[in-house]
Asker: 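Have a look at this one.
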Number of protein chains: 2
Amino acid sequence: MSSVVLEEPDIRTGDCIDVLKKVPDGSVNLIVTSPPYGAQRKDTYGGIPPDQYVDWFLPRAVEFKRTLAADGSFILNIKEHADSGQRHLYVHKLVIALVEQQGWRLVDEFIWHKKNSSPGKWPNRFRDAWEHVFHFTKNPGFKFRQDQVKIQAAASTLNRAKHLGVRDFEMTAPETGSGLKRCVANCVGRELVYPSNVLHLSAETGNQGHSAAYPVALPEFFVKLMSAPGDLVMDPFAGSGTTGVVCRMHGRRFLGIDIHKENCDLCRKRWEQTPPSENDEEAAGQ
Amino acid sequence: MSSVVLEEPDIRTGDCIDVLKKVPDGSVNLIVTSPPYGAQRKDTYGGIPPDQYVDWFLPRAVEFKRTLAADGSFILNIKEHADSGQRHLYVHKLVIALVEQQGWRLVDEFIWHKKNSSPGKWPNRFRDAWEHVFHFTKNPGFKFRQDQVKIQAAASTLNRAKHLGVRDFEMTAPETGSGLKRCVANCVGRELVYPSNVLHLSAETGNQGHSAAYPVALPEFFVKLMSAPGDLVMDPFAGSGTTGVVCRMHGRRFLGIDIHKENCDLCRKRWEQTPPSENDEEAAGQ
DNA sequence: CTGCACTATGAATCGCTAA
DNA sequence: GTTAGCGATTCATAGTGCA
């Protein structure tokens, strides 16, 4: 029950390339972000044209790397869009540039499987139901607390838990909107297994006017996995502040940056509306 | 019930870059293949080093493009491996080169979610449970018969949804027949639904001694979707001949190429052991 | 037909040791 | 230092058979 004393969230308005200039080297423990995608969202972000995307992103990533702690991670959620029947290549090019030009280590690529992706039928493609989530680090060693993100096993595996009644499992069912189970204390000892690098999460609905749907469970997974209570988590494209919500839920400090004042206001509002973490859940996870 | 008269499979031993020289322009309707991955399989393929992978692949892709019909598709299943804590980049580089140097159109990227991925627990990553499946074409127009791959909600699926709790909606359930899986929740109340670009398949068991597990359901999906009965399907890295098996099952002609005579023998054997298509299933699919 | 028990197996990765 | 080779280790799931 060692409560972490939470400061107010640090929400700053501006382009992260400028704002981060004032952030000290190595002071950020984890970066989790979903940057503006290609040119689709012109109204919201100004629309970075696909052929300028890498050049736009790279100087910002320099600041990300500088401000990130030696054992920190950079989680990048992104998806190339289709245009004239083809997928753009800027995501592939960005990954290569981050590794080869900036020295990031590409540890792994997670797949976010969006279970309830928007319906629709096109003559030349199916519904797009996934997005990239790249895991970059600065060094071979980084925080990776696997026991914090165990999930419930599939039914076939649960045969081993036959002693337990079905109702027990229903009681530990995931919260609405979260495909990843909250590993609270009463789940421990049941059938919890390690996840793989494919994350099955529903895209969130009702995202408070922000244009990019970003379910709480996505940053939650990485915040729990790659940071500890009291750590500083940064989202340079904070949007509606979902990463910040997760930070408040789990006792992390939050630095959110967004170029639009309206988004920054929304970040603060959602932080206020989120109940802070009451106990040190990390101990229970062990 | 219009049976397609099937020729014997055309299995040729050699490097596809040489063998394809004798194949006429535009004579192949669909290419489905899983090339040798990075340097892992030295015994089987000679092990292409990651830093030479793109240069090794590109001249072969030239032949793929030349022999492919104008409305054909090229399906490429591949996965970069991890090495010293990092994922290699040759897959990203290959995709860019295929598009920008050779003029392929990258229509979409499917994700093959391997439900039974290889075991292991490491300090810095989770189990790898997915592979890329890239869809390339030569032109904007291509065969895309979506109704052939609609997914049925199995009766057992609906029953289970009734009997079990919320947790069951997190899982996927088997489709009757092809082995494609679907999220239960999306199936409730519907008989046939279109799939998304995330394919949930288990890796195959008992793959007859070949090193690469390539489940029948994977090429089957693309053969049904992107070719018609009587079409010629080509696999330039045929391996154990799983693509050929699918061709016999669905009344397609097959051109299989492999550098190892043992694999070619295996391809023929598996073709022989596969019951040919008896009826024109295409009509039923509508 | 359901439910349960048991078993087989999957394109792997890390880290150490030797050259 | 640097690389290459090899061994030890890892676990969720599907599938099958039987009560």
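Proteins get letters first, then strands, A, B, ... in listed order; numbering begins at 1 in each.
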Asker: Provide the full list of salt bridge (Lys or Arg N to Asp or Glu O under 4.0 Å) pairs with a residue in residues 84-95 of chain B, sequence neighbours left out, each pair given once.
Answerer: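 Non-adjacent pairs meeting salt bridge (Lys or Arg N to Asp or Glu O under 4.0 Å): Glu100(A)-Lys93(B), Asp108(A)-Arg87(B), Arg87(B)-Asp128(B).
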
Asker: For Tyr194(A) and dA12(C), what is the distance between atoms OH and C1' respectively, to the nearest whole Å?
Answerer: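 Going from OH in Tyr194(A) over to C1' in dA12(C) covers 18 Å.
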
Asker: Is it the case that Arg270(B) and Thr242(B) place a side-chain donor and acceptor less than 3.5 Å from each other?
Answerer: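 A donor-acceptor contact under 3.5 Å links the two side chains.
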
Asker: Do the rings of Phe110(B) and Phe222(B) sit parallel, tilted or perpendicular, given the 30° and 60° boundaries?
Answerer: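 Ring orientation, 0 to 90° scale: perpendicular.
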
Asker: Side-chain N or O of Arg87(B) versus OP1/OP2 of dA12(C): is the shortest distance under 4.0 Å?
Answerer: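 Result: no.
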
Asker: Quick one: which of dA11(C), dT10(D), dT13(C) gets closest to the side chain of Lys121(B)?
Answerer: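 Minimum distance to the Lys121(B) side chain belongs to dT10(D).
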
Asker: Please name all residues satisfying side-chain hydrogen bond (donor to acceptor under 3.5 Å, both in side chains) with Lys143(A), sequence neighbours left out, ordered by chain then number.
Answerer: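 So Lys143(A) forms a side-chain hydrogen bond (donor to acceptor under 3.5 Å, both in side chains) with Asp231(A).
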
Asker: Measure CD/Glu80(B) against C1'/dT13(C) and give the value in whole Å, please.
Answerer: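 Going from Glu80(B) (CD) to dT13(C) (C1'), I get 15 Å.
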
Asker: Nearest-nucleotide wise, let me know which of Asp128(B) and Ser117(B) is further upstream toward the 5' end of DNA chain C.
Answerer: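 Counting from the 5' end, the first nearest nucleotide belongs to Ser117(B).
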
Asker: One pair to check against side-chain contact (heavy atoms from CB on, under 4.5 Å): Leu76(A) and Leu94(A). What are the steps and the verdict?
Answerer: CA-CA 11 Å; Leu76(A) 176 63; Leu94(A) 176 61; 4.1 Å; yes

Asker: Partners of Gln52(B) by side-chain hydrogen bond (donor to acceptor under 3.5 Å, both in side chains), sequence neighbours excluded?
Answerer: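 Expected list: none.
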
Asker: Quick one: Asn263(B) CG to dA11(C) P, roughly how many Å, whole number?
Answerer: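 From Asn263(B) CG to dA11(C) P: 16 Å.
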
Asker: Roughly how many Å is it from CG in Asn197(A) to C1' in dA12(D), rounded to a whole number?
Answerer: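 Rounded to whole Å, this separation is 14 Å.
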
Asker: OP1, OP2 of dA12(C) versus side-chain N and O of Ser118(B): anything below 4.0 Å?
Answerer: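 Ser118(B) to dA12(C) OP1/OP2: side-chain N or O found under 4.0 Å.
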
Asker: Check nucleotides 14-18 of chain C for protein N or O atoms closer than 3.5 Å to its own N or O atoms and list the pairs.
Answerer:
from    : atom 1 : to        : atom 2 : distance (Å)
dC14(C) : OP1    : Asn124(B) : OD1    : 3.2
dC14(C) : OP1    : Asn124(B) : ND2    : 3.0
dC14(C) : OP1    : Arg125(B) : NE     : 2.9

Asker: Looking only at non-hydrogen atoms, find the nearest pair between Val149(A) and Phe221(A) and report the distance.
Answerer: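 Closest heavy-atom pair between Val149(A) and Phe221(A): CG1-O, 3.5 Å.
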
Asker: Would Asp265(B) and Lys261(B) pass as an ion pair if we require N to O under 4.0 Å?
Answerer: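 The answer is yes: the pair qualifies as a salt bridge.
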
Asker: Separation of Glu131(B) atom CD from dA11(C) atom C1', in whole Å?
Answerer: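 So the two atoms are 6 Å apart, to the nearest Å.
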
Asker: Between dT10(D) atom P and Gln146(A) atom CD, what is the distance in whole Å?
Answerer: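 It works out to 12 Å between those atoms.
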
Asker: Expressed as a whole number of angstroms, how long is the span from Gln152(A):CD to dA12(D):C1'?
Answerer: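 For the pair Gln152(A) CD and dA12(D) C1', the rounded distance is 15 Å.
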
Asker: My understanding is that only residues two or more places apart in sequence, or in another chain, count here; which of them pass side-chain hydrogen bond (donor to acceptor under 3.5 Å, both in side chains) with Asp10(B)?
Answerer: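 Counting only residues at least two positions away or on another chain, Asp10(B) forms a side-chain hydrogen bond (donor to acceptor under 3.5 Å, both in side chains) with Arg12(B).
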
Asker: If a stem is a run of at least 3 consecutive Watson-Crick or G-U pairs, both distances under 3.5 Å, which stems include DNA chain C?
Answerer: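 Output for stems: C:2-10 with D:11-19, C:12-19 with D:2-9.
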
Asker: P atom, dA11(C) versus dT9(D): distance in rounded Å?
Answerer: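 Result for the P pair: 22 Å, nearest Å.
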
Asker: Find the distance Lys114(B):NZ to dT13(D):P and express it as a whole number of Å.
Answerer: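 My rounded result for the distance is 14 Å.
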
Asker: Starting the side chain at C-beta, find the nucleotide from dA14(D), dG10(C), dA11(C) nearest to Lys115(B).
Answerer: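 Of the candidates, dA14(D) comes closest.
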
